[in-house]
Amino acid sequence: MQISDIRKEYTRHTLNETDVAASPFEQFRKWFEEALQSGLAEPTAMNLATVGLNGRPSSRIVLLKHLDTGFVFFTNYNSRKGADLQHNPYAALTFHWVELERQVRIEGRVEKVEATLSDEYFNSRPLLSRIGAIASEQSQPLPDRTVLEEKMRILEAQYANQQPPRPPHWGGYRLLPDYFEFWQGRPSRLHDRIVYEPAAGETWKIYRLAP
Ligand SMILES: Cc1cc2nc3c(=O)[nH]c(=O)nc-3n(C[C@H](O)[C@H](O)[C@H](O)COP(=O)(O)O)c2cc1C
C-alpha cells in the first residue's frame with residue numbers, strides 16, 4: 001500500500017449558500033452541535049496557528065472552552081504560542097470533524113480574556129490540572145520528566161489544605177473572527193466552501209470558493 005493510494009470519497013452532506021445561516025456564529029453553532037451529537041472523539045479540538053517574531057508560522061491543537069463574541073481557549077501565556085501572540089495577535093483556527101467530512105477555518109485577532117473568565121475556568125478544573133498549570137513552564141526545555149514530577153509533589157503538599165490560585169502566567173485567549181470558511185467534503189473533490197466576511201453594519205458577506 002502506497003500512501004498516495006489512500007483516498008476516500010466524501011459523500012455524507014452538502015452545503016449551499018442558500019441554506020447557511022446569515023451569521024457565521026449561528027452556522028458554527030449548528031455544525032458544532034452536530035459534531036457534539038455525533039459522538040466525535042474530540043469535537044472541541046482545534047488547530048491554532050500563530051506566527052512568531054521570525055515570521056515563521058507554528059501550529060498546535062488547543063481545546064475550545066468557551067464561545068461568545070469569539071473562540072476562547074486556555075493556555076500558558078509564556079508558552080511559544082503566547083510569545084507569538086504577544087508579537088503578532090493575528091491567528092487562525094481550524095476544526096476538522098473527520099466523521100462529518102467537515103472543516104471550519106476561522107481567522108482573526110486574539111486578545112487575552114478578562115481575568116474573571118480565566119479564574120472561573122481555572123477554578124473549575126480538577127485539582128491536579130490546576131497544580132499542573134502552576135508547575136509546568138510550558139514550552140521551556142525540561143532536563144527530564146522527574147524534574148516536573150518532583151515539582152508536582154512539592155506543590156501538591158503545599159496545596160494539601162488550600163485551593164491553588166490561578167497563576168498569572170495561565171489564562172484564556174479569545175480569537176475575534178473576521179473570516180470564517182465552512183468546508184463540506186463532496187464527491188470527486190468538488191467540495192463545498194462557503195466563506196463569511198464582515199460587511200456593512202453587523203452583516204456578513206457570504207460567498208463560495210472553488211474547491
Ligand atoms: C487534543 C489536544 C488538546 C490540547 N489542548 C490544549 C489546550 O487547551 N491548551 C494548551 O495550552 N495546550 C493544549 N494542548 C497541547 C498543545 O497542542 C501544545 O503542545 C502546547 O500548548 C504547547 O504549545 P506551544 O509550545 O506551541 O505554545 C493540546 C494538545 C492536544 C493533542
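One-based numbering, in listed order, for ligands and for the atoms of each.
With Ile61, Thr44, Asn47 as candidates, the residue nearest to atom 31 (C) of ligand 1 on a non-hydrogen basis is Ile61. The closest heavy-atom contact to atom 20 (C) of ligand 1, among the options Arg60, Met46, Gln140, Gln138, comes from Gln138.
Put simply, atom 8 (O) of ligand 1 has protein non-hydrogen atoms near it, under 4.0 Å away.
Note: an N/O pair closer than 3.5 Å links Lys81 and ligand 1 by distance alone. For the pair Gly82 and ligand 1, the shortest N or O to N or O distance does not fall below 3.5 Å. For a threshold of 3.5 Å applied to N or O pairs, the pair formed by Thr75 and ligand 1 contains at least one separation below that value.
Within 6.0 Å of CG in Asp5 there are more than 12 heavy atoms belonging to other residues, nucleotides or ligands. The environment of Glu137 atom CD is sparse: at most 12 non-hydrogen atoms of other residues, nucleotides or ligands sit within 6.0 angstrom. Within a 6.0 Å sphere centred on CD of Glu9, other residues, nucleotides and ligands contribute more than 12 heavy atoms.
Annotation: cation-pi geometry not satisfied between Arg186 and Tyr10 (NZ/CZ under 6.0 angstrom from ring centroid, within 45° of ring axis). Seen from the ring of Tyr121, Lys65 does not count as a face-on cation partner, given the 6.0 Å and 45° thresholds.
Regarding atom 6 (C) of ligand 1, its nearest protein heavy-atom neighbour is Val62 CA, 3.6 Å. The protein non-hydrogen atom at the shortest distance from atom 24 (P) of ligand 1 is Ser139 OG, 3.5 Å.
Shown in contact with Arg80 at under 4.0 Å from a heavy atom are these atoms of ligand 1, numbered in order with element: 24 (P), 25 (O), 26 (O), 27 (O). Annotation for ligand 1: atoms under 4.0 Å from non-hydrogen atoms of Glu42 are 1 (C).
Shown are Asn47, Thr50, Thr75; of these, the side-chain hydrogen bond (donor to acceptor under 3.5 Å, both in side chains) with Arg60 is made only by Thr50.
For Phe180 and Trp204, the distance between ring centers is under 6.0 angstrom.
Between Gly52 and Asp84, the closest heavy-atom pair is CA-OD1, 3.2 Å.
Heavy atoms of Phe74 come nearer than 4.0 angstrom to ligand 1 in at least one pair.
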